[in-house]
Amino acid sequence: MYMSMALHLADPETDQLVRELARETGETLTVAVNRAVKERLDRLSAKSRVDRERFVAELTRIASSAKGLRKLKKTSRELIDELYDEDGLPR
């Protein structure tokens, strides 16, 4: 069963914009509002998906960099040997 509810637009600018959209598209006010809301929700959903994909890509890039850093780890002995010669003097 379909229940109809009225949509009251108290804001005059919003009312004017909806009427302009309906006039430009040749749609009823209801169809114009429905399509506009669906299109906006679709854009938000797509943006969220893209944002998530970018976030995962950035995490993957950071994780790859971190793996590379682990390979560069040196012992304290190796670091000391690089900084000082066999007599304990700075290189």
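Computed over heavy atoms, backbone and side chain alike; hydrogens, waters and symmetry mates excluded.
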> Using a 3.5 Å cut-off and no angle test, enumerate the donor-acceptor pairs between side-chain atoms of residues 17-29 and protein atoms at least two apart in sequence or in another chain.
residue	atom	partner	partner atom	Å
R19	NE	D15	OD1	3.4
R19	NE	D15	OD2	3.0
T25	OG1	L21	O	2.9
T25	OG1	A22	O	3.4
T25	OG1	E27	N	3.3
T25	OG1	E27	OE1	3.0
E27	OE2	R35	NH1	2.5
T28	OG1	V31	N	3.1

> For R91, enumerate each residue passing the side chain to side chain contact (heavy atoms under 4.5 Å, CB included) test, keeping only those at least two apart in sequence or located in another chain.
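Counting only residues at least two positions away or on another chain, R91 forms a side chain to side chain contact (heavy atoms under 4.5 Å, CB included) with D85.
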
> Could you identify which residues cluster with L83, counting Ile, Leu, Val, Met, Phe, Trp and Tyr as linked when any side-chain heavy atoms lie under 4.5 Å apart, either directly or through a chain of such contacts?
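Under the 4.5 Å side-chain rule, L83 groups with I80, Y84.
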
> Once salt bridge (Lys or Arg N to Asp or Glu O under 4.0 Å) is applied, do any residues pair with R77, and if so which ones, sequence neighbours excluded?
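R77 satisfies salt bridge (Lys or Arg N to Asp or Glu O under 4.0 Å) with D81 once adjacent residues are dropped.
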
> Can you name the side-chain hydrogen bond (donor to acceptor under 3.5 Å, both in side chains) partners of E13, sequence neighbours left out?
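side-chain hydrogen bond (donor to acceptor under 3.5 Å, both in side chains) check on E13 returns nothing, list empty.
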
> Under 4.5 Å between side-chain heavy atoms, chaining through other members, with only Ile, Leu, Val, Met, Phe, Trp and Tyr counted: pull out the rest of the cluster around L59, sorted by chain and number.
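Result for L59 is F55.
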
> Please tabulate, for the side chains in residues 40-49, all donor-acceptor contacts under 3.5 angstrom to protein atoms that are two or more places apart in sequence or on a different chain.
residue	atom	partner	partner atom	Å
K47	NZ	D51	OD2	2.9
S48	OG	L44	O	3.1

> Who are the side-chain hydrogen bond (donor to acceptor under 3.5 Å, both in side chains) partners of D11, not counting sequence neighbours?
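side-chain hydrogen bond (donor to acceptor under 3.5 Å, both in side chains) check on D11 returns T14.
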
> Not counting sequence neighbours, which residues clear salt bridge (Lys or Arg N to Asp or Glu O under 4.0 Å) with E39? List them please.
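By the salt bridge (Lys or Arg N to Asp or Glu O under 4.0 Å) rule, E39 matches no residue at all.
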
